[in-house]
*Asks:* 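My questions all concern the structure below.
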Number of protein chains: 2
Amino acid sequence: MARWQPDARERLQQAALELFAEQGFAATTVPAITERAGLTTRTFFRHFADKREVLFADEAELPAYAEQLVAQAPAGTSPLAIILEGLRGLAETRFEGRRDTIRQWRAIVATDAGLRERELQKRAAMAAAVRDGFRARGLDPTRAALLAETSTTLMYVSVTVWLETDDDRKLYDIIETALATLRATLDA
Amino acid sequence: MARWQPDARERLQQAALELFAEQGFAATTVPAITERAGLTTRTFFRHFADKREVLFADEAELPAYAEQLVAQAPAGTSPLAIILEGLRGLAETRFEGRRDTIRQWRAIVATDAGLRERELQKRAAMAAAVRDGFRARGLDPTRAALLAETSTTLMYVSVTVWLETDDDRKLYDIIETALATLRATLDA
DNA sequence: CCGATGATGACACGCCGTGTCATGACGGTA
DNA sequence: TACCGTCATGACACGGCGTGTCATCATCGG
């Protein structure tokens with residue numbers, strides 16, 4: 001029989017999510033999480049860099065994936081088309097059908113300033129990866145930075161709208177609408 | 001004679017800046033800052049919410065100011081024109097002529113992940129204020145959010161370009177160029 | 001002259017995050 | 001069967017951050 005129960009990392013995530021929902025992020029101590037998971041405090045910090053990170057671990061590999069996707073898109077594809085394709089994939093694989101889960105996740109993040117900061121950092125990491133992907137395919141650095149930042153803006157604002165609506169409007173439709181709105185606003 | 005030396009807050013900022021530059025942000029403890037400033041640790045946290053905040057205190061009132069500026073712009077002015085006017089004012093009053101200072105400031109922020117996170121939070125606070133300013137004048141909420149986020153993107157990317165160049169190109173010129181680049185990229 | 005105010009000092013304390021060494025299951029090898 | 005390296009975890013100490021709380025004492029208005 002194993003010395004330790006398996007899936008320590010997953011158990012920690014599970015315990016943390018439960019406790020955050022029950023009593024809030026700030027009121028939950030790391031020792032409380034590890035106690036529920038049957039581990040020690042030190043082990044928590046071997047799996048997650050800090051207490052906030054346990055809420056963001058699932059999307060850790062997204063930036064590297066996005067960078068590859070952008071860098072390796074077929075030659076000749078327009079930058080905007082690459083972005084839209086990427087956002088469509090993101091919307092379908094990681095958002096569509098999970099609206100309630102994402103709402104709950106956002107509710108937790110919204111309660112704590114530190115968590116909101118960490119979310120911004122994750123968005124920035126995504127933007128930096130996309131930017132580097134475009135630079136890798138030779139796009140002008142400034143244009144790459146602007147487009148990458150704008151893509152995360154489009155995604156974030158659209159997700160917010162998508163979460164606020166009650167009908168079953170597709171996230172990607174909202175993204176396309178947002179892009180049209182942004183274009184119109186910048187051309188005014 | 002006064003019981004305490006005046007300008008406690010300014011002395012703390014000064015001491016912190018010096019120590020961060022001398023030995024780095026992470027290696028500088030709050031007690032070290034307060035010792036140099038001739039105060040106690042507890043007093044530091046009465047003036048600044050946390051150790052990072054001492055580097056951002058000077059721009060604390062900017063978001064509220066920006067929100068007012070946007071909300072009270074002459075009726076009929078296009079949203080984009082309001083943004084460009086605001087960015088021009090920002091560029092001229094808080095950036096132009098201070099390039100070396102800002103470079104040093106950014107160098108400190110770049111060394112620490114926590115400081116980079118805090119900088120993102122400040123950008124987000126600016127964007128939220130601008131967004132609320134536009135909503136206050138009746139702009140569509142989604143359009144307000146997109147435009148606000150895009151305006152901070154324009155500013156941030158342009159400042160980065162401006163800091164990297166050695167010639168004396170005006171920041172506002174770079175902003176206008178960036179806007180043109182973004183338009184072209186989104187219309188492709 | 002007096003009471004309210006408000007900034008600072010002094011002190012205790014809980015929690016975060018890290019360094020370091022010990023422990024013991026697992027897998028490969030002879 | 002015996003041995004040995006690997007690796008995740010336990011155990012422990014510790015510095016630093018940020019907060020709660022009460023005391024101190026200049027300043028200011030009445």
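A, B, ... follow the sequence lines: proteins, then strands. Residue 1 opens every chain.
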*Asks:* Rounded to the nearest Å, what distance is computed from the CD atom of residue A:E10 to the C1' atom of nucleotide D:dA8?
*Replies:*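 Distance check: A:E10 CD to D:dA8 C1' gives 14 Å.
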
*Asks:* To the nearest Å, how far apart are A:D112 CG and C:dC16 C1'?
*Replies:*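 Value for this atom pair: 14 Å.
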
*Asks:* Hey, does the side chain of A:T43 come within less than 4.0 Å of D:dG10's phosphate (OP1/OP2), counting only N and O?
*Replies:*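 For A:T43, the contact criterion (side-chain N or O under 4.0 Å from OP1 or OP2 of D:dG10) is met.
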
*Asks:* Measuring to OP1 and OP2 of C:dA7, would you say a side-chain N or O of B:H47 lies under 4.0 angstrom away?
*Replies:*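 Checking C:dA7 against B:H47, no side-chain N or O comes under 4.0 Å of OP1 or OP2.
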
*Asks:* Check the distance between C:dC16's P and A:F48's CZ and give it to me in whole angstrom.
*Replies:*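 Distance, rounded to whole Å: 15 Å.
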
*Asks:* Verify the distance criterion only: is there a donor paired with an acceptor across the side chains of B:T185 and A:R143 at less than 3.5 Å?
*Replies:*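 Yes, side-chain donor-acceptor contact under 3.5 Å.
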
*Asks:* Do A:T177 and A:R169 have side chains that get closer than 4.5 Å, going by heavy atoms?
*Replies:*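 Sidechains of A:R169 and A:T177: in contact.
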
*Asks:* What is the separation between atom CZ on B:F45 and atom C1' on D:dT19, rounded to the nearest whole Å?
*Replies:*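 B:F45 atom CZ is separated from D:dT19 atom C1' by 9 Å.
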
*Asks:* Would A:F44 and A:V54 count as a side-chain contact (heavy atoms from CB on, under 4.5 Å) here? Give the steps.
*Replies:* CA-CA 9 Å; A:F44 179 93; A:V54 69; 4.1 Å; yes

*Asks:* Looking at D:dT21, C:dG17, D:dC17, which one has an atom nearest to any side-chain atom of A:K51?
*Replies:*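 Per side-chain heavy atoms of A:K51, the pick is C:dG17.
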
*Asks:* Take atom CD1 of B:I33 and atom C1' of D:dG16, then tell me their distance rounded to the nearest Å.
*Replies:*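 About 12 Å, once rounded to whole Å.
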
*Asks:* Would the number of heavy atoms belonging to other residues, nucleotides or ligands and lying under 6.0 Å from CD of A:E35 be above 12?
*Replies:*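 Count not over threshold, so no.
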
*Asks:* In whole Å, what is the span from the CZ atom of B:F25 to the C1' atom of D:dG16?
*Replies:*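 So the two atoms are 12 Å apart, to the nearest Å.
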
*Asks:* Nearest of C:dT8, C:dT18, D:dT9 to any side-chain atom of A:L39?
*Replies:*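 For the A:L39 side chain, the nearest candidate turns out to be D:dT9.
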
*Asks:* Can you name the residues that form a salt bridge (Lys or Arg N to Asp or Glu O under 4.0 Å) with A:R88, not counting sequence neighbours?
*Replies:*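 Result, salt bridge (Lys or Arg N to Asp or Glu O under 4.0 Å) vs A:R88: A:E85, A:E92.
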
*Asks:* Without decimals, in angstroms, what is the distance between A:F44 CZ and C:dG19 C1'?
*Replies:*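 In whole Å, C:dG19 C1' lies 18 Å from A:F44 CZ.
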
*Asks:* What is the distance from CZ of A:R42 to C1' of D:dA11, rounded to the nearest Å?
*Replies:*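 Atom-to-atom, A:R42 to D:dA11, this comes out as 11 Å.
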
*Asks:* Ignoring hydrogens and angles, are the base of D:dG18 and the side chain of B:R46 linked by a donor-acceptor pair under 3.5 Å?
*Replies:*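 Check fails, no donor-acceptor contact within cut-off.
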
*Asks:* Of all the nucleotides listed (C:dC11, D:dG16, C:dT8), which has the minimum atom distance to the side chain of B:T29?
*Replies:*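 The answer is D:dG16, which lies nearest to the side chain.
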
